Amino acid sequence: MVDLTRLYDVLVIGGGNAALCAAITAREAGASVLLVESAPKPFRGGNTRHTRNLRAMHEKPTSVLTESYLEDEYWDDLLRVTGGQTNEELARLTIRETQASLPWLEARGVMFQPSLTGTLNLSRTNAFFLGGGKQLVNSLFNTAQRLGVEVLYDTEVTELVLDDGFVRDVKIVSRGFPASVRTKAVVASSGGFQGNIEWLKQYWGEAADNFLIRGTPYAQGKVLRNLLDQGAHAIGDPTQFHCVGIDARAPKFDGGIATRLDCIPFSIVLNQKGERFYDEGEDVWPKRYAIWGRLIAQQPGQIGFPIVDSKAEKLFMPSVFPAYRANTIAELATQMGLDPAATEKTVAEYNASVRAGTFDTTKLDDCHTEGLSPPKSHWARTIDEPPFIGYPLRPGITFTYLGLKVDEKARVLMSDGKPTANLFASGEIMSGNILGKGYLAGFGMSIGTVFGRISGREAAKRVLN
Amino acid sequence: MSLIDVIDLQSAQLHDEARRAMEVCNACRYCEGFCAVFPAMELRRDFTNGDLDYLANLCHNCQGCFHSCQYAPPHPFGINVPKALAELRYQTYRDYAWPPSMARVFDRNGTLVCLLAALSVAVLVTCIVLLRDPGILFQPQTGPGAFYRIMPWGLLSALAGASFVYSLVALGMGFRNFWRASERPTSDLTRPRPLMQALHDVFTLKYLGGNGRGCNDLSDNFTMLRRRLHHAMFYGFLLCFASTSVATLYDHFWNWPAPYPLLSAPVLLGLVGGLGLIVGCSGLIWVKVQTDPAPSARALLGADYALLTLLLLSSVTGLVLLTLRETSAMGLLLAVHFGFILALFLALPYSKFVHGIYRSGALLRYALEREDEHASHASN
């Protein structure tokens with residue numbers, strides 16, 4: 001039983017990877033730790049529940065990683081996706097520390113597996129969790145509780161009372177009842193704000209009602225908002241988020257990986273008016289995966305419709321929802337709620353402009369369109385062999401970039417540049433320091449593990465000295 | 001609605017639920033490291049009823065994919081693969097049963113197996129008490145042929161032999177039904193490499209080993225508990241079978257009738273095997289009582305408990321008989337022990353025991369599919 005009259009050394013806010021790494025590290029250092037998770041137990045673990053792997057630097061093959069992946073290559077990969085919107089000091093610290101992350105997690109019960117089908121391109125750089133991120137969450141919760149970390153589910157932090165950079169009081173609502181937590185230090189690992197549609201509307205207006213959130217609905221950003229309101233230094237573009245195209249029939253929250261669709265390079269994508277709006281064959285899919293969410297977000301009604309014919313059906317992963325399927329384009333358009341005439345016209349114009357080449361899914365092939373705007377640069381084949389197949393796509397938000405600025409000790413910095421005294425942050429709430437833009441597979445989990453451990457260590461050091 | 005319609009409807013619902021789960025899993029694939037079910041699933045995009053029956057028998061009920069599932073209840077997708085596959089697997093026991101009319105014994109299997117055991121013991125004890133002279137029955141019997149003074153050798157071997165041969169035939173026909181459903185040629189059964197792989201997977205219980213740390217036997221913690229207990233039970237069963245076989249050889253070919261001394265092969269094999277069965281069966285019963293109920297198909301536990309209890313009682317009465325065989329209790333104990341063994345033999349094709357046959361077949365089919373897949377990659 002959690003005793004809220006007790007004075008804890010460290011309060012950890014959140015229940016995902018970063019929070020668990022922080023709680024375990026602080027507890028192993030000798031601190032008494034209370035972890036509060038806003039979700040009820042079945043939905044614990046934040047976005048970590050939906051993750052799959054962790055990107056780890058290594059000098060030689062490890063238990064599950066092949067060859068080597070060194071600091072400079074890792075840094076180059078990060079620099080490329082962020083376009084420089086990163087902090088080199090913190091980024092390189094993270095990269096170097098990922099080397100120890102893998103054995104650290106393994107020693108605390110997390111199970112890894114060699115990467116298997118469909119992800120072989122990641123077997124050198126990314127360590128896969130056996131069964132996915134929920135197994136990591138389960139294993140770390142088991143370890144944390146065995147070590148004596150106390151846990152409150154269904155408990156939300158509503159206010160951190162900051163007084164000249166010092167957390168004086170923590171107000172919570174636990175299972176519906178307001179209370180306070182007495183603690184000497186706080187680690188905020190409570191994620192971004194992508195679950196907070198009202199907040200997203202500040203930047204996106206009513207369009208935000210048509211966004212789907214791929215991860216946890218519990219990422220409400222309340223702690224982030226509260227700290228920014230009290231003068232914490234913000235980092236990252238508040239209007240931006242990582243966003244991919246997912247099946248429009250996915251649930252509003254928590255649809256996770258199974259709702260994604262990889263058919264775009266083999267399709268033409270139409271908007272609500274039955275018109276194309278972007279080059280579907282611009283580049284190989286892994287490099288273009290992440291732009292389609294935003295492209296669709298900018299279309300009327302925030303919806304898009306990729307269409308393929310029977311030739312392309314087996315080229316992409318099966319979808320969790322059944323495809324729309326018809327023997328004529330007009331019939332397919334009607335099923336999807338598009339104007340049949342406009343859709344037929346778009347398909348006919350596309351088909352007429354296709355220049356046949358040697359179709360090859362493994363490279364940028366020479367199948368392209370001529371005289372079409374926008375063009376389709378690669379993998380362009382006529383869409384003429386029934387059955388015709390279509391899906392509805394909406395923007396699916398993975399995470400937001402806005403966060404708290406921190407230093408190398410994971411201390412939260414105030415707007416005047418001064419560090420707070422007993423407030424630390426890790427995970428998505430501060431990942432914008434390092435990943436200010438773009439996406440690098442498994443890197444969110446790297447930041448979470450590394451800064452989770454740093455924040456736990458520094459919080460324990462602060463209260464035990 | 002007739003009984004047949006009800007069964008067909010139930011079968012359709014079980015297939016629908018398993019298909020729904022596999023379609024979500026096939027779009028996710030996070031679990032592909034756990035066991036053979038997911039790599040086998042990934043070879044398919046659409047799932048026929050036959051595919052689902054095969055996947056159901058490939059599942060070892062380790063529950064790892066449930067505890068790590070981001071779509072498990074209360075998520076709106078409500079995916080529960082171990083439960084969906086267990087319920088479908090049980091349906092396949094009905095479908096493959098031989099003769100087909102015996103499919104119905106799987107409807108209330110726990111009750112029926114228990115009744116069979118009780119009846120078998122009761123009949124043998126009654127016969128012995130009625131037919132044997134109390135002077136012989138309740139006197140200590142020692143020396144060669146002591147058992148046969150209680151139960152005539154002819155009756156003993158005829159009952160045991162006939163029931164065992166019948167069970168082997170019924171199990172074989174069940175396997176034939178399973179294999180026919182796979183639509184693979186009979187010649188595939190003896191392709192050496194897949195066969196060796198399948199035997200290895202069966203005898204090591206590879207898929208109850210997880211990735212070296214075991215399965216979610218009791219909760220989301222990983223343990224080797226169930227694998228070790230199953231090994232104790234399985235190899236205990238084989239040792240007991242070896243004990244009986246050696247004793248039969250001694251009796252028939254060396255003219256050396258039971259009982260045998262403590263340091264003889266039949267007694268040592270039976271002793272170690274019996275202890276293995278007791279540890280394995282009681283442990284597995286304990287696991288079933290303790291485990292997280294969410295991924296379990298509770299309605300099917302009757303069959304599990306019945307077979308485990310029957311094996312447990314067979315070995316316990318065997319060891320008690322060994323301990324007390326030189327006392328006046330031997331006569332009745334022999335009848336009770338033999339009653340359980342007879343029930344076990346008769347129940348083999350109509351109890352949870354069949355899972356071993358079909359799971360082995362599924363592992364062989366998996367090994368064949370893997371080899372075919374490698375061959376097609378190599379030729380491309």
Side-chain angles (χ1 to χ4, degrees), chain A residues 40-43 45 47-53 63-64 106 109-119 128-143 145-146 214-216 247 250-262 313-314 316-322, chain B residues 19-47 62-82 209-216 218-223 292 294 370 373 377 380:
Chain A
K41 191 176 175 190
F43 289 122
N47 270 354
T48 303
R49 278 163 29 79
H50 295 292
T51 65
R52 189 176 198 186
N53 54 54
S63 53
V64 290
E106 282 178 321
V110 177
M111 308 258 281
F112 289 87
Q113 64 170 57
S115 68
L116 294 166
T117 53
T119 52
F128 283 67
F129 315 127
L130 179 67
K134 194 171 167 189
Q135 180 265 123
L136 175 140
V137 168
N138 291 341
S139 298
L140 292 183
F141 263 109
N142 285 336
T143 298
Q145 288 182 289
R146 199 182 61 243
R214 302 175 70 205
T216 179
D247 198 303
K252 183 76 179 171
F253 295 100
D254 265 333
I257 187 77
T259 59
R260 75 168 180 190
L261 264 175
D262 295 343
E313 194 185 0
K314 307 284 180 198
F316 52 91
M317 287 261 289
S319 165
V320 69
F321 296 100
Chain B
R19 184 173 294 111
R20 190 183 74 85
M22 286 294 108
E23 282 169 356
V24 173
C25 293
N26 214 10
C28 168
R29 301 190 172 183
Y30 278 19
C31 286
E32 60 190 357
F34 276 120
C35 68
V37 170
F38 299 96
M41 168 196 82
E42 288 173 15
L43 295 176
R44 297 159 166 82
R45 284 176 84 99
D46 304 305
F47 300 93
C62 83
Q63 313 192 342
C65 65
F66 173 79
H67 287 290
S68 70
C69 182
Q70 58 188 310
Y71 302 116
H75 189 282
F77 286 0
I79 298 301
N80 191 337
V81 172
N211 276 23
R213 295 245 315 277
C215 303
N216 293 153
L218 300 171
S219 66
D220 53 27
N221 266 307
F222 288 83
T223 76
D292 183 341
R370 293 281 287 196
E373 182 73 5
H377 274 295
N380 281 347

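Quantities reported herein were computed from a predicted structural model and do not represent experimental measurements. Chain identifiers are assigned alphabetically (A, B, ...) following the order of the sequence lines, protein sequences preceding nucleic acid strands; residue numbering begins at 1 within each chain.
Annotation: the span from B/Arg45 atom CZ to A/Glu313 atom CD amounts to 6.0 Å, rounded to 0.5 Å. How far CZ of A/Phe43 is from NE2 of B/His75: 6.5 Å, rounded to the nearest 0.5 Å. A distance of 13.0 Å separates CD of A/Gln135 from OH of B/Tyr30, quoted to the nearest 0.5 Å.
Ranked by heavy-atom pairs shorter than 4.5 Å toward chain A, the options B/Pro74, B/Cys28, B/Pro76, B/Cys65 are led by B/Pro74. Of the listed residues (A/Lys314, A/His50, A/Arg49, A/Arg260), the one with the most heavy-atom contacts under 4.5 Å to chain B is A/His50.
Residue B/Cys25 does not touch chain A at all, counting heavy-atom pairs closer than 4.5 Å. Only the backbone of A/Thr51 has a heavy atom closer than 4.5 Å to any heavy atom of chain B. If you measure heavy-atom distances from A/Phe112 to chain B, the contacts under 4.5 Å come from the backbone alone. Heavy atoms closer than 4.5 Å to chain A are found in the side chain of B/Phe222, but not in its backbone. Contact of A/Asp254 with chain B is made through backbone and side chain together, with heavy-atom distances under 4.5 Å.
Not one N or O on the side chain of A/Lys134 forms a donor-acceptor pair closer than 3.5 Å with the backbone of B/Gln70.
Nearest heavy atom pair, residue A/Ile257 against residue B/Tyr71, reads N-OH, 3.1 Å.
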